Amino acid sequence: MTDFQYATDQDTIAAQATAPGRGGVGIIRLSGPKSLAIAQQIVGFEPKPRYAHYVPFRTTNQEQLDEGIALYFPGPNSFTGEDVFELQGHGGPVIMDMLLSHCVALGARLARPGEFSERAFMNDKMDLTQAEAIADLIDSTSEQAAKCALRSLQGAFSKRVDELVEALIHLRIYVEAAIDFPEEEIDFIGDGKVAAELAGIKNKLIEVLKEANQGALIREGMSVVIAGRPNAGKSSLLNALSGKESAIVTNIEGTTRDVLREHIHLDGMPLHIIDTAGLRDSPDEVERIGIQRAWDEISKADRILMMVDSQSIDSKDPSEIWPEFMEKLGDTKHLTLVRNKVDLTKESTGIEMISGVSVVSLSAKTGEGVNDLTEHLKAVMGFDSTTEGGFIARRRHIEALNKANRFLDAGYEQLHGYGAGELLAEDLKEAQQALSEITGAFTSDDLLGRIFGSFCIGK
Ligand SMILES: Nc1nc2c(c(=O)[nH]1)N(C=O)[C@@H](CNc1ccc(C(=O)N[C@@H](CCC(=O)O)C(=O)O)cc1)CN2
Ligand SMILES: Nc1nc2c(ncn2[C@@H]2O[C@H](COP(=O)(O)OP(=O)(O)OP(=O)(O)O)[C@@H](O)[C@H]2O)c(=O)[nH]1
Ligand SMILES: [K+]
């Protein structure tokens with residue numbers, strides 16, 4: 001199944017499974033072959049499988065460290081698939097340290113971050129997207145993200161990927177049979193079956209890609225830079241979006257000199273808003289550095305809100321308003337023009353398209369039209385807050401799906417352009433391999449190291 005060999009690690013690992021610090025209950029968890037022997041030493045008898053024993057926890061010379069619940073899960077029926085033992089004690093840092101040190105004295109070693117989950121993956125208790133979903137569940141910052149992570153943990157995403165892989169294998173077998181037995185005279189190109197199946201797989205992949213995109217947005221959100229001339233109202237907009245007074249609003253030009261960040265949620269989608277220094281030629285060294293940073297942020301952002309004061313600028317055409325900005329920006333793909341202060345000009349709020357750029361008229365001060373902007377931001381990111389039952393996804397999943405999609409396109413080309421069955425089969429295989437990277441059936445040690453290394457300790 002996997003293309004790598006992992007050392008069957010015989011170490012017994014131990015870590016505090018609960019968060020560090022004070023808590024009602026704290027759990028030390030062990031996994032590995034010595035779990036049972038260590039358990040017996042601490043509780044004084046062989047614990048019954050999956051039974052909550054309320055007992056004193058003692059050292060070898062009968063000194064009592066704590067009293068609590070001892071829980072033994074013999075492998076393979078455990079979280080990691082190995083023998084697991086849990087000491088559920090009182091959640092104080094000193095008690096937890098004493099219990100953990102004692103487990104180490106009895107032959108366990110401290111677990112690396114993510115090592116319990118890594119073992120669960122290695123022992124086929126879960127695939128890679130499910131292991132990643134555990135970390136995402138723990139790290140989720142909104143209820144929606146938590147729900148989606150739980151669905152991924154329960155296999156919703158893996159199932160979609162596995163179905164695609166199944167369909168690809170089915171098609172490959174057909175194509176390869178036709179190549180291997182030309183005397184059968186299956187005109188596999190002419191009969192349309194291959195083309196139809198390929199198109200079906202492609203449609204399904206696009207569907208999964210859309211859902212994964214949504215899942216990644218819920219996990220990572222979008223970054224939005226607010227840029228504009230001094231006093232346009234950038235800080236006011238940041239405050240209106242975040243509902244807080246995080247940025248200093250004054251009528252003095254150049255109030256914001258550095259980059260300010262605020263994280264909010266729009267119906268579950270995280271938004272990282274960045275307020276930048278007003279863009280102008282400044283003699284002030286500090287302000288100039290701020291302006292340089294503003295351009296750095298602009299180049300990295302998912303969306304750029306170019307903000308102008310509608311009082312001083314009549315035109316709604318971005319290229320007329322600010323040619324230097326447009327020139328420096330290059331393309332307008334990620335640009336939205338925000339015309340602020342319509343409460344003063346008495347213009348109506350709303351959104352329109354002008355010269356291929358979305359133009360939103362609003363008042364950051366009164367809040368009129370701010371809702372049009374948030375709806376627009378959700379729309380440009382393809383975020384649909386009405387969809388139910390989504391799953392969480394990561395950038396690497398999207399990349400793998402895109403890669404598979406490119407191989408499907410290449411395969412289609414081979415089929416239609418050249419009638420090249422061998423090359424089509426090769427593309428199908430590559431597409432399948434790209435998909436297998438998602439669930440981890442085909443992954444490098446390096447990737448696994450990076451994924452599990454980013455988990456918290458004890459997970
Ligand atoms: N005390 C405790 N609570 C916890 C965990 C834990 O490790 N310990 N978990 C850690 O993340 C999560 C639960 N995850 C778990 C996953 C599988 C098994 C388990 O025993 N699986 C067996 C048996 C399954 C069954 O009885 O149906 C198996 O897979 O064979 C236990 C916990 C959250 N709560
Ligand atoms: N009437 C009205 N005044 C606004 C609006 N938005 C901002 N202002 C005012 O415009 C002035 C500048 O607002 P800021 O939010 O500080 O502008 P800024 O673009 O962040 O300014 P710098 O930090 O100097 O770049 C303040 O006096 C705000 O109260 C608006 O929609 N309507
Ligand atoms: K200002």
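All of these numbers come straight from a predicted model, not from anything done at the bench. As the structure lists them, so they are numbered: ligands from 1, and atoms in each ligand from 1.
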Q | Cation over ring face, R50 and Y72, 6.0 Å, 45° | A | no
Q. Looking at atom 22 (C) of ligand 1, would you say a protein heavy atom lies below 4.0 Å from it?
A. yes
Q: Evaluate the side chain to side chain donor-acceptor pair (under 3.5 Å) criterion for residues S31 and E82: first the C-alpha distance (whole Å), next the side-chain angles of each, then the deciding distance (0.1 Å), finally the verdict.
A: CA-CA 6 Å; S31 179; E82 304 173 330; 2.5 Å; yes
**Q.** Donor-acceptor pair between T129 and H397 side chains, under 3.5 angstrom
**A.** no
Q | Sub-4.0 Å protein heavy atom next to atom 3 (N) of ligand 1 | A | no
**Q.** Lys/Arg-Asp/Glu bridge criterion (N-O < 4.0 Å) met for R112, E115
**A.** yes
Q: May I ask which of K234, E368, K341 has a heavy atom nearer to atom 5 (C) of ligand 2 than the others do?
A: K341
Q. Should you measure from each heavy atom of A232, which atoms of ligand 2 turn up under 4.0 Å away?
A. 19 (O)
Q | Per-atom contacts of ligand 2 with P230, taking only distances under 4.0 Å to non-hydrogen atoms | A | 25 (O)
Q. Got an N/O contact under 3.5 Å between T366 and ligand 2?
A. no
Q. Between P76 and ligand 1, which residue portion shows a heavy-atom distance shorter than 4.0 Å: side chain, backbone, both, or neither?
A. backbone
Q. Within the structure, does at least one protein heavy atom fall under 4.0 Å of atom 27 (O) of ligand 1?
A. no
Q. Under 4.0 Å from atom 19 (C) of ligand 1, do we find at least one protein heavy atom?
A. yes
Q: Determine, considering heavy atoms only, which of F79, F73, F116 sits nearest to atom 32 (C) of ligand 1.
A: F79
(Q) Considering non-hydrogen atoms of the protein only, which is the closest contact for atom 10 (C) of ligand 1, and what is the distance? (A) R29 NH1, 3.4 Å
Q) If you count the atoms of ligand 2 from 1 in the order shown, which ones are under 4.0 Å from a heavy atom of L344? A) 1 (N)
Q) Distance only, no hydrogens: is a donor on one side chain within 3.5 Å (strictly under) of an acceptor on the other, for S444 and D446? A) no
Q | Test ring-ring contact (aromatic ring centres under 6.0 Å, His included) applied to F455 - qualifying residues, sequence neighbours left out | A | F452
Q | Proximal atoms of ligand 2 relative to D343 (non-hydrogen, under 4.0 Å) | A | 1 (N), 2 (C), 30 (C), 31 (O), 32 (N)
Q: Can you sort out the partners of H272 under ring-ring contact (aromatic ring centres under 6.0 Å, His included), two or more places apart, ordered by chain and number?
A: H263
Q. Under 4.0 Å from atom 12 (C) of ligand 1, do we find at least one protein heavy atom?
A. no
(Q) Under 4.0 Å, heavy-atom basis, I'd like to know which part of N340 is in contact with ligand 2: side chain, backbone, both or neither. (A) side chain
Q: Using a distance threshold of 4.0 Å (strictly less than), state whether atom 34 (N) of ligand 1 has a protein heavy-atom neighbour.
A: no
Q.
Less than 4.0 angstrom from a charged side-chain N to a carboxylate O is my criterion; do K234 and D275 meet it?
A. no
Q: Assess K459 against F121: is NZ or CZ under 6.0 Å from the centre of the six-membered ring, and within 45 degrees of the ring's axis?
A: no
(Q) Closer than 4.0 Å to some heavy atom of G233 - which atoms of ligand 2 meet that? (A) 7 (C), 13 (O), 14 (P), 15 (O), 17 (O), 18 (P), 19 (O)
Q) Does D372 use its side chain to pair, donor to acceptor, with the backbone of I351 at less than 3.5 Å? A) no
Q.
Tell me the nearest of E86, M126, K125, K459 to atom 29 (O) of ligand 1, using heavy-atom distances.
A. K125
(Q) If the cut-off is 4.0 Å to any non-hydrogen atom of S363, which atoms of ligand 2 fall inside it? (A) 30 (C), 31 (O), 32 (N)
Q. Salt bridge check: are K403 and E437 linked by an N-O gap of less than 4.0 Å?
A. yes
